Novice: 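My questions all concern the structure below.
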Amino acid sequence: MEPTIVSGTEVSNKVKDDIAREVEQIKTQGGKVPHLAAVLVGDDGASRTYVNAKVKACERVGFGSTLVKLDADISEAELLSEVERLNNDPDIDGYIVQLPLPKHIDEQKVTEAIAPEKDVDGFHPVSLGKMLLHLPGFLPATPAGILEMIKHYNIPTEGKHCVVMGRSHIVGSPMSVLMMRNDYPGNCTVTVVHSRTQNLKEITRQADILIVAIGKPEFVTADMVKEGAAVIDVGIHRIDDPSKKSGFRLLGDVKFDEVAPKCAYISPVPGGVGPMTIASLLKNTLLAVSLNQ
Ligand code: GUN
């Protein structure tokens with residue numbers, strides 16, 4: 001069977017084009033041009049790449065953007081005062097603090113210091129509570145991006161068994177809630193599997209929709225997947241590869257080559273979930289402008 005490739009590149013380009021048109025309209029009408037800020041602490045290579053991609057995406061759609069670069073040895077108090085400054089800056093509609101943060105800083109404390117009305121990452125307890133209650137608010141960017149992909153490809157979800165692999169606060173936990181909500185995409189029977197799960201393969205083999213966010217390169221093999229499943233790969237790993245100009249290649253959590261032939265739908269890495277995260281972040285920033293006006 002030839003699977004349908006769930007192209008995050010394609011869907012995210014469409015989302016960005018739509019946003020760019022809306023920004024044009026806002027500008028014509030003399031409204032507030034959306035402005036996203038990103039805080040990067042230290043110089044972790046992957047984080048720098050992600051943040052730069054976010055800033056570039058802002059430029060593409062016509063948003064204002066600000067990159068706040070801080071030293072790895074900044075104190076927690078100094079970071080919190082930067083957060084406070086962004087909370088009070090009327091030009092900044094939304095902002096993110098790129099994770100992970102250096103070990104000496106309490107990530108939860110920083111996340112909770114972000115004003116909920118500017119929490120475009122959707123990581124604040126207020127945002128997560130609204131998601132659980134199905135109230136309007138900011139959805140975490142990666143899960144929201146996955147919903148958008150499912151919608152774009154009309155992947156059936158109602159009554160389906162969705163197995164979410166991983167229970168992180170950023171992806172697995174919110175994803176499980178979203179796939180269970182009374183909505184489309186949603187209305188799934190959801191199972192979450194994690195590091196303590198027994199008989200893992202027996203469960204994943206029952207999945208009509210398998211969302212993989214465990215952070216282990218090529219962990220999911222063909223024997224773990226049901227014939228005709230939809231597989232969404234959230235993993236992204238840099239593997240050293242001297243034959244590449246960059247010095248690395250990217251792998252997902254799914255062994256794509258052997259899993260793909262069994263699937264009805266599968267998202268690749270790169271070009272799958274990654275670009276959708278950024279598109280959702282832009283959508284959330286646009287929502288921030290309208291919610292806060
Ligand atoms: N680190 C990995 N993914 C994300 C994300 O979506 N937002 C932020 N702020 N940090 C991350």
Side-chain angles (χ1 to χ4, degrees), residues 8 12 15 36-58 63 65-70 72 74 79-80 82-83 86-87 92-103 105-116 118-128 131 137-149 164 166-175 177-178 211-217 232-238 250-253 267 269-270 272-285 287-288:
S12 71
V15 171
L36 174 73
V39 179
L40 176 64
V41 182
D43 55 7
D44 172 68
S47 289
R48 210 172 35 199
T49 306
Y50 298 146
V51 168
N52 287 336
K54 289 169 186 178
V55 169
K56 217 172 107 194
C58 283
F63 284 8
S65 64
T66 300
L67 174 54
V68 182
K69 277 187 181 169
L70 302 170
I74 190 176
L79 177 56
L80 287 170
E82 186 60 36
V83 163
L86 291 165
N87 286 343
I92 305 289
D93 301 291
Y95 69 97
I96 64 148
V97 178
Q98 186 67 24
L99 305 178
L101 291 170
K103 296 257 177 298
I105 297 175
D106 182 343
E107 280 184 2
Q108 194 56 34
K109 201 164 164 184
V110 173
T111 300
E112 290 185 33
I114 296 171
K118 296 192 178 188
D119 175 40
V120 288
D121 249 337
F123 296 166
H124 193 281
V126 168
S127 300
L128 292 169
M131 175 191 71
F138 302 115
L139 295 181
T142 299
I146 294 170
L147 294 186
E148 198 76 32
M149 292 165 104
V164 178
R167 56 179 164 184
S168 72
H169 294 166
I170 294 184
V171 185
S173 298
M175 202 66 235
V177 169
L178 291 166
I211 299 173
V212 192
I214 48 173
K216 292 186 178 155
I232 304 292
D233 187 351
V234 186
I236 186 150
H237 309 275
R238 291 180 175 206
L250 295 173
L251 288 182
D253 286 353
S267 74
V269 176
V273 173
M276 288 309 299
T277 297
I278 295 182
S280 299
L281 182 65
L282 298 175
K283 268 186 109 166
N284 275 347
T285 306
L287 178 67

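For ligands, and for the atoms within them, numbers begin at 1 and follow the listed sequence. Here the structure is a predicted model, which means the values were calculated and not measured.
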Novice: Residues two or more places apart in sequence or in another chain: which of them pass side chain to side chain donor-acceptor pair (under 3.5 Å) with T285?
Specialist: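 Side chain to side chain donor-acceptor pair (under 3.5 Å) check on T285 returns nothing, list empty.
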Novice: State, with a plain yes or no, whether a side-chain heavy atom of L128 is found less than 4.5 Å away from one of P140.
Specialist: yes
Novice: Any side-chain heavy-atom pair from T277 and V273 closer than 4.5 angstrom?
Specialist: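 Yes, their side chains come closer than 4.5 Å.
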Novice: May I have every N or O pair linking ligand 1 to the protein at under 3.5 Å, one per line with atom names and distance?
Specialist:
from, atom 1, to, atom 2, distance (Å)
ligand 1, 1 (N), Q98, NE2, 3.4
ligand 1, 1 (N), L99, O, 2.9
ligand 1, 7 (N), D121, OD1, 3.2
ligand 1, 7 (N), D121, OD2, 3.1
ligand 1, 9 (N), V97, O, 2.9
ligand 1, 9 (N), D121, OD2, 2.6
ligand 1, 10 (N), Q98, NE2, 3.4
ligand 1, 10 (N), L99, N, 3.0

Novice: With side chains defined as the heavy atoms from C-beta onward, is the minimum distance between L80 and V110 less than 4.5 Å?
Specialist: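 Side-chain contact under 4.5 Å: yes.
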Novice: Under the side chain to side chain contact (heavy atoms under 4.5 Å, CB included) rule, what do L67 and N52 come out as? Steps first, then yes or no, please.
Specialist: CA-CA 8 Å; L67 174 54; N52 287 336; 3.9 Å; yes
Novice: If you take all heavy atoms of N87 and Y95, which pair is closest and at what distance?
Specialist: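 It is OD1-OH, 2.7 Å.
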